[in-house]
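Encoded as structure tokens, the structure appears first; notes follow it.
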Protein chains: 2
Amino acid sequence: MQPEISDQIFYSFLTGGLCASSTSSTTTSLFSPFAIEDKVDEDKALASLRNHKEAERKRRERINFHLNKLRNLLSCNSKTDKATLLAKVVQRVKELKQQTLEITDETLPSETDEISVLNFEDCSNDDGRRIIFKVSFCCEDRPDLLQDLMETLKYLQMETLFADMTTVGGRTRNVLVVAADKEHHGVQSVNFLQNALKSLLERSSKSVMMGHGGGGEERLKRRRALDHIIMV
Amino acid sequence: MQPEISDQIFYSFLTGGLCASSTSSTTTSLFSPFAIEDKVDEDKALASLRNHKEAERKRRERINFHLNKLRNLLSCNSKTDKATLLAKVVQRVKELKQQTLEITDETLPSETDEISVLNFEDCSNDDGRRIIFKVSFCCEDRPDLLQDLMETLKYLQMETLFADMTTVGGRTRNVLVVAADKEHHGVQSVNFLQNALKSLLERSSKSVMMGHGGGGEERLKRRRALDHIIMV
DNA sequence: GTAAACACGTGAGAC
DNA sequence: TGTCTCACGTGTTTA
């Protein structure tokens with residue numbers, strides 16, 4: 001909203017911006033019987049304005065303090081202007097969020113068991129003679145897990161092309177790209193793979209149950225112990 | 001800086017905040033020979049001030065636009081005030097940075113080979129009868145790496161207490177906590193472990209060199225291929 | 001009634 | 001020169 005005329009006069013009046021003669025000429029109150037009352041009101045208003053001014057200064061300081069912190073975090077020059085800085089912060093937060101999401105969702109083991117089998121038929125680059133599957137599962141780790149997995153794939157007559165395997169704190173995530181000959185396999189082999197993995201994971205949870213009798217609790221204890229030792 | 005008296009008058013004058021009579025009374029220029037010149041200057045100043053006002057409005061808009069973006073990213077209420085919001089942003093950026101650093105530094109394989117052996121003697125909790133080591137190394141993956149590692153530890157008469165193993169895109173990072181009996185081991189066993197790991201990694205690089213004849217390049221090609229397939 | 005937060009218009013300084 | 005950014009003091013609104 002545009003400041004009104006009265007606001008401008010009020011502003012000049014209260015801030016004492018105008019010189020004494022000007023003030024006395026505009027305020028005829030000195031000769032009125034309400035002169036003292038007016039003076040008190042004037043003082044009150046002045047004090048209020050001073051407080052307001054100070055509070056606003058503090059507020060600006062607070063904001064700029066955090067802006068400077070962000071400047072340091074993004075190793076930005078102190079000459080980077082506020083808008084640009086904030087744009088960079090937005091971008092950085094987005095990047096970091098995406099990065100951690102990718103790692104925790106696609107690489108690190110999750111807390112819950114998962115199985116995923118995808119068909120990459122269109123993606124095969126050996127003249128379409130083979131079907132390519134991307135297999136991914138997440139479960140409790142156990143000593144014979146990998147051996148069982150290899151035997152399962154061998155039994156299904158599938159060849160492992162790539163394998164990313166992550167075992168952290170007793171849980172494991174494995175992402176494999178496997179190839180299957182079209183002589184023996186079709187798209188329906190996705191189901192074979194899925195069922196095979198399911199029984200693999202069932203064996204996992206059984207072995208954990210029998211081995212410790214605590215399951216998740218025991219694992220958490222183990223993880224904490226490991227974290228402790230590593231952190232020292 | 002405090003606005004001066006003249007500034008206030010100038011402000012009221014230019015913005016046309018004061019009524020006509022007031023304006024004519026403060027400016028004696030209407031009767032001077034420079035009236036037209038003054039009028040031109042007046043228009044110029046007015047236009048300049050209008051531009052300035054508009055530019056400043058745009059600037060505020062830009063800043064607030066990004067602030068609102070940050071509000072969304074942190075799922076903050078629109079009533080969260082600027083200073084608090086920025087404080088939260090600072091905290092969030094710090095958290096995310098720390099989180100990704102932890103994962104990439106302590107869990108995911110690095111691009112360069114690394115060996116680290118630490119002694120945790122003080123940390124042993126079995127009456128000090130055993131020495132605890134934290135072993136961590138990072139290198140190219142190869143089929144027999146884990147088997148070689150286990151044989152090495154067996155040869156050194158060490159028992160694996162915990163193991164975090166991550167293999168991604170052809171590189172592997174392994175973090176193990178191993179225990180060694182004090183009958184056969186002392187703090188100097190750190191060196192045994194280090195040397196053993198060194199020869200393990202040398203075998204790794206040899207096998208990669210022989211196997212592919214490209215080394216790092218070949219690995220990057222593999223990794224890119226895997227990324228591609230997974231991303232589809 | 002007062003305390004806090006915001007948008008606004010302005011002057012000053014950088015470039 | 002003009003253009004851009006900032007800090008400031010103010011009026012207004014909300015709790």
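Labels below follow one simple rule: chain letters A, B, ... track the order of the sequence lines, proteins then strands, and each chain is numbered from 1.
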Problem - Protein-nucleotide distance (A:K58, atom NZ; D:dC8, atom P), rounded to Å - result: 13 Å
Handout entry: Under 3.5 Å donor-acceptor, B:R71 side chain and B:L85 backbone
Key = no
Exercise for the section: Write down the distance between CD1 (A:I63) and C1' (C:dA7), rounded to a whole number of angstrom. Expected result: 12 Å
Problem - Shortest side-chain distance from A:R62, nucleotide among C:dT10, D:dT5, C:dA5 - result: C:dA5
Exercise for the section: For B:F65 and C:dA7, give me the distance from atom CZ to atom P, rounded to whole Å. Expected result: 15 Å
Problem - Which nucleotide in D:dA7, D:dT5, C:dC6 has an atom nearest any side-chain atom of A:H52 - result: C:dC6
Handout entry: Distance test, side-chain N/O of B:R50 to OP1/OP2 of C:dG9, below 4.0 Å
Key = no
Practice task
Please state how far atom CZ in A:R59 lies from atom C1' in C:dA4, giving the value in whole angstrom units.
Solution key: 9 Å
Handout entry: Check: B:T172 side chain, B:T166 main-chain N or O, donor-acceptor pair, under 3.5 Å
Key = yes
Handout entry: Side chain of B:K82 - closest among D:dA7, D:dC6, C:dC6
Key = C:dC6
Exercise for the section: Report yes if the side chains of A:L67 and A:L86 come closer than 4.5 Å at any heavy-atom pair, otherwise no. Expected result: yes
Exercise for the section: Compare all side-chain heavy atoms of A:V135 with those of A:I115 and state whether any distance is below 4.5 angstrom. Expected result: no
Completion exercise
Comparing nearest nucleotides in DNA chain D, the 5'-proximal residue of the pair B:E56, B:N51 is B:N51
Problem - Nearest-Å distance for atom pair CD/P, residues B:E54 and C:dC8 - result: 10 Å
Problem - From D:dG11, D:dC6, D:dG9, nucleotide with atom closest to A:K53 side chain - result: D:dG9
Exercise for the section: Take atom CG of A:L85 and atom P of D:dT5, then tell me their distance rounded to the nearest Å. Expected result: 13 Å
Problem - Between P of C:dG11 and CG of B:L46, the distance in whole Å - result: 12 Å
Exercise for the section: Nearest whole angstrom, please: distance from the P of C:dA7 to the CG of B:N68. Expected result: 9 Å
Exercise for the section: Would you mind classifying the nucleic acid contact of A:K79 as base, sugar-phosphate or nothing, using non-hydrogen atoms under 4.0 angstrom? Expected result: nothing
Exercise for the section: May I ask you to evaluate whether B:R57 reaches the phosphate of C:dC8, defined as a side-chain N or O under 4.0 Å from OP1 or OP2? Expected result: no
Handout entry: Check: B:S110 main-chain N/O paired with B:R171 side-chain donor or acceptor under 3.5 Å
Key = yes
